[in-house]
There are 2 protein chains.
Amino acid sequence: MKSATQSALVFPETLSPATQALLDRADALCTRQGARLTQQRREILGLILSVNAPVGAYDLLEQMKTPDRRPAPPTVYRALDFLLEHGLIHRIERLSAFVPCTHLLHDDHAAGCNHDHDQDSICLHTAQFLICRSCKSVIEITNPSILDAVRTTCREQGFVIQSSSIEIEGLCAHCAAHRKTPAHQH
Amino acid sequence: MKSATQSALVFPETLSPATQALLDRADALCTRQGARLTQQRREILGLILSVNAPVGAYDLLEQMKTPDRRPAPPTVYRALDFLLEHGLIHRIERLSAFVPCTHLLHDDHAAGCNHDHDQDSICLHTAQFLICRSCKSVIEITNPSILDAVRTTCREQGFVIQSSSIEIEGLCAHCAAHRKTPAHQH
DNA sequence: AAAGGTATGTTATATTATCACATAAGCTGA
DNA sequence: TCAGCTTATGTGATAATATAACATACCTTT
Ligand SMILES: [Zn+2]
Ligand SMILES: [Zn+2]
Ligand SMILES: [Zn+2]
Ligand SMILES: [Zn+2]
């Protein structure tokens, strides 16, 4: 993650109505799970939702600062933990950064967790992430064939899955198409 | 990674002959690639090889210290970068720690990189890692069906893979078998 | 030996994350 | 309502991981 002081991230002045709607949906999701999307958690989720890129904890921290208010790291990390636990965001390990769960943006997860996983494990909601090195976008996909392959392999090994990260770095379709082929590549 | 001061890692006093043999093999591999496995790089690879667990950079740093010699972080990170670039170790993102590449321990990679990947991308040598939360072991596997699923999905999306991390956390077969089933799990 | 690339030493600092303890806010049942 | 509990937040310090910048040494080639 870039340093917060030189971060290229641009946060909007105010949240768009679309983001507000997503926050309301997230709120409903939390309530259904017996959890509270407090004002602070809502604010942080709002920031993550309103940037079209993975966001670092210290980017958030920086963004939350006002003359009145200088939040400390634990404030952000606690909120992030909450959002992670409730499946509202994902952590991208390779970037030490966070993105909203795309399921929040669509209907398929609004009804709550319906994945199969055992009692001890958190909801896997096993997604995969395509990280573009050129435009810094992160695309969340949920591909059954990847998932099946992973599950089958683990079952064969007797390995009990509790959570997983599948992160692919490279060039997104757009950037790959616009990449010049090096001229001197004999 | 646990703090270096309270790390549970145990490094042996001296390297076993088996480890020495692996280092010699690594040396040969580097030479074939026109790279030099210097004394320092060899020392660090030796430390990683001689611990049956993922090792953090600062664990290595700690272990390298003698009355005469207080290496600084860049010393370790530069060696780690070299070892990563030459496929001798892997970084486990979830642990911010490093493990030897199992291919080094077997014959199938000794002849050098023969994977297919384009010019810009490093050798994927795309492995998957099964991380046991109980015994802290990391098992490296290379499962073609997972790889195929990932490649196919990326191709469909037009995404150009440059590198990837596939990390599964849970319980290894041994630990899963010895885990008590919670009595009150109705 | 000179030159150039590669490797290492050294100091400082950046970045990411957690601990420990105090305070506040929300909920529950007398 | 209010005491008592749980959850959430504030705050200061610090831990853990990683890199920047620049100096020096080493190795290879000419
Ligand atoms: Zn998701
Ligand atoms: Zn892109
Ligand atoms: Zn490997
Ligand atoms: Zn285990």
Side-chain angles (χ1 to χ4, degrees), chain A residues 1-9 27 30-31 33-45 48 54-86 88-89 91-99, chain B residues 1-9 27 30-31 33-45 48 54-86 88-89 91-99:
Chain A
M1 209 59 223
K2 285 225 186 68
S3 127
T5 54
Q6 60 187 104
S7 172
L9 292 186
D27 200 339
C30 287
T31 301
Q33 295 180 37
R36 293 190 302 138
L37 188 69
T38 61
Q39 199 48 50
Q40 190 142 232
R41 291 165 177 168
R42 187 179 170 105
E43 178 185 5
I44 288 175
L45 179 55
I48 295 172
V55 192
Y58 281 75
D59 291 325
L60 294 166
L61 198 55
E62 201 57 34
Q63 191 59 26
M64 290 172 73
K65 284 182 181 164
T66 68
D68 302 350
R69 190 160 156 258
R70 316 286 295 175
T75 296
V76 167
Y77 281 102
R78 284 193 283 232
L80 290 171
D81 285 345
F82 175 90
L83 298 172
L84 285 168
E85 277 163 18
H86 292 82
L88 300 172
I89 61 173
R91 178 187 160 85
I92 308 298
E93 298 292 339
R94 287 198 162 207
L95 304 178
S96 296
F98 303 85
V99 294
Chain B
M1 209 59 219
K2 284 224 186 68
S3 126
T5 55
Q6 61 188 103
S7 172
L9 292 186
D27 200 338
C30 288
T31 301
Q33 295 180 38
R36 291 163 46 213
L37 188 69
T38 61
Q39 200 47 52
Q40 190 144 232
R41 291 164 177 168
R42 187 178 170 105
E43 178 184 5
I44 287 175
L45 179 55
I48 295 172
V55 192
Y58 281 76
D59 291 324
L60 293 167
L61 198 54
E62 201 57 34
Q63 192 58 27
M64 291 172 72
K65 285 182 180 164
T66 69
D68 302 350
R69 188 160 156 258
R70 317 287 293 176
T75 296
V76 167
Y77 282 102
R78 285 194 282 233
L80 290 171
D81 285 346
F82 175 90
L83 298 172
L84 285 168
E85 276 163 18
H86 292 83
L88 300 172
I89 62 172
R91 178 186 160 87
I92 308 298
E93 298 291 339
R94 287 198 160 206
L95 305 177
S96 297
F98 303 84
V99 294

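Lettering of chains follows the sequences in order, A, B, ..., and the numbering in each one begins at 1. All values derive from a computational prediction rather than experimental measurement.
Residue order along DNA chain C, read from the 5' end via each residue's closest nucleotide, puts B:Ala35 first among B:Ala35 and B:Pro73.
Put simply, CD on B:Gln39 is 16 Å from C1' on D:dA25, counting in whole angstrom units. Summarising the geometry, the separation between CG on B:Leu60 and C1' on C:dT8 is reported as 17 Å, rounded to the nearest angstrom. The CG-C1' distance, from B:Leu95 to D:dA16, rounds to 14 Å in whole Å. Whole-Å rounding puts the B:Leu84 CG to D:dT19 P distance at 11 Å. Here the P atom of nucleotide C:dA7 and the CZ atom of B:Arg42 are 17 Å apart, to the nearest Å. If you take CZ of B:Arg94 and C1' of C:dA17, they are 17 Å apart, rounded to a whole angstrom. When the P atom of C:dA7 is taken as reference, atom CD1 of B:Ile44 falls 14 Å away, rounded to whole Å. Computed from coordinates, the A:Asp68 CG to D:dG10 P distance equals 13 Å when rounded to whole Å.
Between A:Met64 and A:Ile44, the closest side-chain pair of non-hydrogen atoms falls below 4.5 Å. Within the 4.5 Å cutoff, no side-chain heavy atoms of B:Tyr58 are placed close to those of B:Val76.
A donor-acceptor contact under 3.5 angstrom links the side-chain atoms of B:Tyr58 to the base of D:dA18. With hydrogens and angles ignored, no donor-acceptor pair under 3.5 angstrom links the side chain of B:Arg70 to the base of C:dG9. Judged by distance alone, with hydrogens and angles left aside, B:Arg78 brings a side-chain donor or acceptor within reach of the base of C:dG9, the pair sitting under 3.5 Å.
By the 5.5 Å and 30° criteria, A:Tyr77 is not stacked with the base of C:dT18.
Close to D:dT9, at under 4.0 Å from its OP1 or OP2, lies a side-chain N or O of A:Thr38. Remark: A:Thr75 is in phosphate contact with D:dG10, judged by side-chain N or O atoms under 4.0 Å from OP1 or OP2. Close to C:dT16, at under 4.0 Å from its OP1 or OP2, lies no side-chain N or O of A:Arg91.
Remark: side-chain polar atoms of B:Arg41 are paired, donor with acceptor, to backbone N or O of B:Arg36 under 3.5 angstrom.
Backbone-only contact: B:Arg41 has heavy atoms under 4.0 Å from sugar-phosphate atoms and none from a base. Residue A:Arg36 is classed as a sugar-phosphate contact, given heavy-atom separations below 4.0 Å to backbone atoms only. Among the protein residues, B:Pro71 comes within range of no part of the nucleic acid, since none of its heavy atoms lies under 4.0 Å from any strand.
Residue pairs satisfying the salt bridge (charged side-chain N to carboxylate O under 4.0 Å, His left out) criterion with at least one member in residues 70-82 of chain B, sequence neighbours excluded, are absent.
When each of D:dT11, D:dA18, D:dT19 is scored by its nearest atom to the side-chain atoms of B:Ala57, the top-ranked nucleotide is D:dA18. Across C:dT8, D:dT19, C:dT16, the shortest atom-to-atom separation from the side chain of B:Gln40 is found for C:dT8.
If you run side-chain contact (heavy atoms from CB on, under 4.5 Å) between B:Cys30 and each of B:Leu83, B:Leu45, B:Leu88, only B:Leu88 comes through.
Summarising the geometry of B:Leu95 relative to B:Pro54, their closest heavy-atom pair is CD1-CG, 3.6 Å, with the distance given to 0.1 Å.
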